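The structure under discussion appears below in the form of structure tokens.
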2 protein chains.
Amino acid sequence: MMKEESMTTTVDSIASECLAVRIRLLNRTITGIFDEALRPLGVKISQLNVLMVVAKRGLVSPGDVARRLNMEKSTLSRNVERLRTREWLRVSDGESGRKQVLELTAKGLRLIEKSWPHWKKAQAETEALLGQQGARSILRAANTVWAQLGRD
Amino acid sequence: MMKEESMTTTVDSIASECLAVRIRLLNRTITGIFDEALRPLGVKISQLNVLMVVAKRGLVSPGDVARRLNMEKSTLSRNVERLRTREWLRVSDGESGRKQVLELTAKGLRLIEKSWPHWKKAQAETEALLGQQGARSILRAANTVWAQLGRD
DNA sequence: GCTCCTGTGTTGTATATACAACATACCCGC
DNA sequence: GCGGGTATGTTGTATATACAACACAGGAGC
């Protein structure tokens, strides 16, 4: 058993430094800001994120999207299923029969168009919350992660 | 219908600036690092986060913990249920009958002790991923959020 | 051509999360 | 003391997430 004094040190260290509790707090807070802004459209930011990857990259496979977002393929599989149900994207079998191909529908495109002002509002609100410097730090940190994912 | 050109602008803006997709990417990545490190102990970082708040603050109510983590009370209710099942914390009715009181068990304390080296490893790995500057930025951003939560 | 290995996607299970609706308990003003 | 408003916690429902196990398709080596 650890000494009482050491125990306190352990708790204090984790409490005052833990990166996980902090990133998770930021995630809940910021996701909430965007979800609230998008609520009138009936879409969540998690879903719009997937649609944006497909919009940006054109014809991609589910695996490509999952890698880009550093997300489990099984997670993405179910997310895609829901987006397909709402007819925001289409899934077809690739020529080789192995990979599937994702593609935005016209309805999906319209959704992105309509999302713009709501997204903008949430983005501004988040910048106000974090401050300009904080916001830029998040962008930089994400770029670092993307760079390292690419290398693997 | 928006013009094709404007549509491209919309997609590019969101794709290149969106804070939500980035914080969510960081959340998945970092949560994964900590969960993997803690797997030998059979605890997840989300659960350790809750236990740490209780350890740090002593006798707290579920509502207090939820506010501190900016989490829905209903979410915390179910998390506590699982922690109670594993006997890492105890729930008792407060004197006033209204608020409940959470308290770590001896088993919960031992879990935190045993977690220390695994947490330390994950924290170091995360710092290596983000860089010192990136890691510090996350700490600062979280402090900003906590400050604003406190004001509300 | 067969075999094995790898990449791709799905399904089973558990957890984390939020919102809405609800039941209570408390407190404040009167 | 009473009534209404508010704080507290639970439950129903939907989504997001991961891990493990699986099915299957393609290719590489022989």
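Remember, predicted model here, so these are calculated numbers, not experimental data. Per chain, numbering begins at 1; letters A, B, ... match sequence-line order.
The phosphate of C:dA16 (OP1 or OP2) has a side-chain N or O of B:R82 nearer than 4.0 angstrom. Side-chain nitrogen and oxygen atoms of B:R86 include none within less than 4.0 Å of the OP1 or OP2 phosphate oxygen of C:dA14. Of the side-chain N and O atoms in B:R24, one or more sit less than 4.0 angstrom from OP1 or OP2 of D:dT17. Remark: B:R39 is in phosphate contact with D:dC19, judged by side-chain N or O atoms under 4.0 Å from OP1 or OP2. For the OP1/OP2 pair of D:dT15 and a distance below 4.0 Å, the side-chain nitrogens and oxygens of A:N79 include no atom meeting the criterion. Dashed line: the shortest gap from a side-chain N or O of B:S77 to OP1 or OP2 of D:dT10 is under 4.0 Å. In terms of phosphate contacts, A:R28 brings a side-chain nitrogen or oxygen within less than 4.0 Å of OP1 or OP2 of C:dT17.
Ionic pairing of B:K56 and A:D12 is present here: one or more N-O contacts between side-chain nitrogen and carboxylate oxygen are shorter than 4.0 angstrom.
A:L83 places its CG atom 17 Å from the P atom of D:dA14, with the value rounded to the nearest Å. In this structure, the CD atom of B:E81 is 14 Å from the P atom of C:dA14, given to the nearest Å. Taking atom CZ of residue A:R84 and atom P of nucleotide C:dT10, one finds them 9 Å apart after rounding to whole Å. Taking atom CG of B:D35 as the reference point, atom P of C:dA16 lies 9 Å away to the nearest angstrom. The interatomic distance linking B:E72 (CD) with D:dG12 (P) rounds to 17 Å, in whole Å. Rounded to an integer number of Å, the gap from A:N27 CG to D:dA18 P is 11 Å. Spacing between atom CE of A:M71 and atom C1' of D:dA18 amounts to 11 Å, rounded to whole angstrom units. Regarding B:I33, its CD1 atom lies at a distance of 15 Å from the C1' atom of D:dA18, rounded to whole Å.
Grouping the Ile, Leu, Val, Met, Phe, Trp and Tyr side chains by contacts below 4.5 angstrom, directly or via other members, places B:F34 with B:L41.
Map A:Q100 and A:K44 each onto its nearest nucleotide of DNA chain C; the residue landing nearer the 5' end is A:Q100. Residues B:G63 and A:S74 both approach DNA chain D. Their nearest nucleotides, taken by heavy-atom distance, put B:G63 toward the 5′ side. Comparing B:T75 and B:R67 along DNA chain D, the residue whose closest nucleotide (by nearest heavy atom) sits nearer the 5' end is B:R67. Each of A:G32 and A:R78 was assigned the nucleotide of DNA chain C with the nearest heavy atom; the assignment lying further toward the 5' end belongs to A:R78.
At least one side-chain heavy atom of A:R82 sits under 4.5 Å from a side-chain heavy atom of A:N79.
Using a 4.0 Å heavy-atom cutoff across all strands shown, A:S61 reaches sugar-phosphate atoms only and no base atom. Residue contacts for A:K99: at a heavy-atom cut-off of 4.0 Å it reaches the sugar-phosphate backbone alone, with no base atom in range.
At least one donor-acceptor pair under 3.5 Å links the side chain of A:W146 to the backbone N or O of A:R68.
Here A:L104 contributes atom CG and A:R57 contributes atom CZ; the two are 14.0 Å apart, rounded to the nearest 0.5 Å.
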